[in-house]
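Chain naming here is simple, since letters A, B, ... match the order of the sequence lines and numbering starts at 1 in each.
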Protein chains: 2
Amino acid sequence: METSRSITQKIENEGTMCPSFQALDMVMDKWTPKVLFLLQDGPMHYMQLKRQVGGSTQKMVTQTLRKLEKEGLVTRTVYPTSPPTVEYALTPLGEMLQSAFQELLQWARIYTAQFQSMRENDSEANKEEDFHKN
Amino acid sequence: METSRSITQKIENEGTMCPSFQALDMVMDKWTPKVLFLLQDGPMHYMQLKRQVGGSTQKMVTQTLRKLEKEGLVTRTVYPTSPPTVEYALTPLGEMLQSAFQELLQWARIYTAQFQSMRENDSEANKEEDFHKN
DNA sequence: CAGGATCCTGGGCGATACTG
DNA sequence: CAGTATCGCCCAGGATCCTG
């Protein structure tokens with residue numbers, strides 16, 4: 001280990017040492033997972049995306065898509081039709097990221113299931129509710 | 001705002017999307033991945049954690065740990081020694097989450113490698129131009 | 001050593017209006 | 001339809017000081 005270096009402790013090793021976490025931060029914003037998730041089934045128009053992403057605004061959807069495009073994770077294809085049409089699709093790199101997020105999603109389902117069963121165990125343990133299998 | 005328009009918003013993956021992404025948002029903050037990553041090799045003291053997480057502050061580390069504890073992803077064990085000692089460790093659920101993040105990390109490494117090779121060898125015929133300056 | 005309490009700022013994010 | 005531009009809120013997150 002290194003000794004105490006400088007008082008200001010400017011962290012330069014973080015920037016150079018862990019580029020993976022940097023890349024991870026790039027992609028950990030609020031809407032990226034949802035956009036990737038929606039695009040996994042194939043290309044989508046902007047409107048479809050905006051509608052199905054749900055709970056977001058036009059600004060955030062566009063911003064997220066632009067960022068993903070710049071990062072090389074989605075492609076943006078403009079069709080010069082009478083009403084402008086833009087299609088977004090995952091790149092191979094984007095598909096890989098989507099797969100990784102899929103793991104997180106899988107965990108989230110398990111986690112949610114755990115806590116739901118925890119909350120409802122004391123009132124009616126054997127309630128005949130619809131247990132959503134996801 | 002929920003107007004009459006949003007009723008038509010039928011999300012086919014409704015069951016999977018909403019609660020899962022909520023749980024995902026819970027865990028998508030800045031320092032959670034790094035803390036989980038550090039804890040994967042075994043329990044750690046607060047100080048070790050704070051030091052090795054690098055680039056964060058005491059507040060954020062503590063805050064992240066407290067949140068993870070509340071979510072049932074880490075355990076907090078206090079040893080009543082002469083100087084107080086606190087050990088943090090992953091719960092099984094936390095380990096699962098860590099594994100999921102591992103996938104993201106794996107992707108991040110590939111992603112980083114891609115862009116490094118892109119910069120070294122930018123003779124990419126397929127790419128149009130226009131990479132900066134919009 | 002572990003972490004609580006505060007103050008403060010940047011920017012993530014939402015809402016609205018306008019364009020081609 | 002597919003954005004861009006602008007304003008402003010709000011809070012995640014950083015810095016600093018203090019305690020047991």
(message) So, OP1 or OP2 of dG4(C): does either fall under 4.0 Å of a side-chain N or O from Tyr46(B)?
(response) no
(message) So Leu105(A) and Phe37(A), do their side chains get closer than 4.5 Å, heavy atoms only?
(response) yes
(request) Please report, rounded to the nearest Å, how far the P atom of dA2(C) is from the CZ atom of Arg51(B). (result) 12 Å
(message) When you compare the side chains of Gln106(A) and Gln102(A), does any donor N or O come within less than 3.5 Å of an acceptor on the partner?
(response) no
(message) Nearest whole Å is fine: how far is dG11(C) C1' from Gln63(A) CD?
(response) 10 Å
(message) When the axes are fitted on five pairs at both termini, how much does the helix from dC1(C)-dG20(D) to dG20(C)-dC1(D) curve, in 10° steps?
(response) 50°
(message) Quick check against the 3.5 Å criterion: does Thr64(B) have a side-chain atom that pairs as donor or acceptor with the backbone of Met60(B)?
(response) yes
(request) Starting at atom NZ of Lys34(B), determine the distance to atom P of dA12(D), rounded to an integer number of angstrom. (result) 17 Å
(request) Decide yes or no for Thr75(A) and Glu87(A): does some side-chain heavy atom of the first lie under 4.5 Å from some side-chain heavy atom of the second? (result) no
(request) Evaluate the side-chain proximity of Tyr111(A) to Leu73(B): yes if any heavy-atom separation is below 4.5 Å, no if none is. (result) yes
(request) Mind calculating the distance between NZ (Lys67(B)) and P (dC11(D)) to the nearest angstrom? (result) 16 Å
(request) Considering just the side-chain nitrogens and oxygens of Arg76(A), establish if one lies under 4.0 Å of OP1 or OP2 belonging to dA2(D). (result) no
(request) Grab the CD-C1' distance between Glu87(A) and dA2(D) for me, whole Å please. (result) 14 Å
(message) Please pick, from dG14(D), dG14(C), dG3(C), the nucleotide with the shortest atom-to-atom distance to any side-chain atom of Thr62(B).
(response) dG3(C)
(request) Report which part of the nucleic acid Tyr88(B) touches: base, sugar-phosphate, or nothing (heavy-atom distance under 4.0 Å, all strands). (result) sugar-phosphate
(request) Please report, rounded to the nearest Å, how far the P atom of dG3(C) is from the OH atom of Tyr79(B). (result) 13 Å
(request) Evaluate side chain to side chain donor-acceptor pair (under 3.5 Å) for Thr85(A) paired with Tyr46(A), printing each intermediate quantity in order. (result) CA-CA 8 Å; Thr85(A) 300; Tyr46(A) 175 80; over 6 Å; no
(message) Are the side chains of Leu65(A) and Val35(A) in contact, using a 4.5 Å heavy-atom criterion?
(response) yes
(message) Between Pro84(B) and Gln58(A), which residue's closest nucleotide on DNA chain C lies nearer the 5′ terminus?
(response) Pro84(B)
(request) Check every atom of dG14(C), dG3(D), dG4(C) against the side chain of Arg66(B) and return the nucleotide holding the closest atom. (result) dG4(C)
(request) Could you check how far CD of Glu69(A) sits from C1' of dT4(D), rounded to whole Å? (result) 15 Å
(message) At less than 3.5 Å, do the side-chain atoms of Lys30(B) and the base atoms of dG13(D) form a donor-acceptor pair?
(response) no
(request) Write down the distance between CG (Leu49(A)) and P (dC1(D)), rounded to a whole number of angstrom. (result) 14 Å
(request) Counting heavy atoms from C-beta on, name the nucleotide in dG13(D), dG14(C), dG3(C) closest to the side chain of Lys59(A). (result) dG14(C)
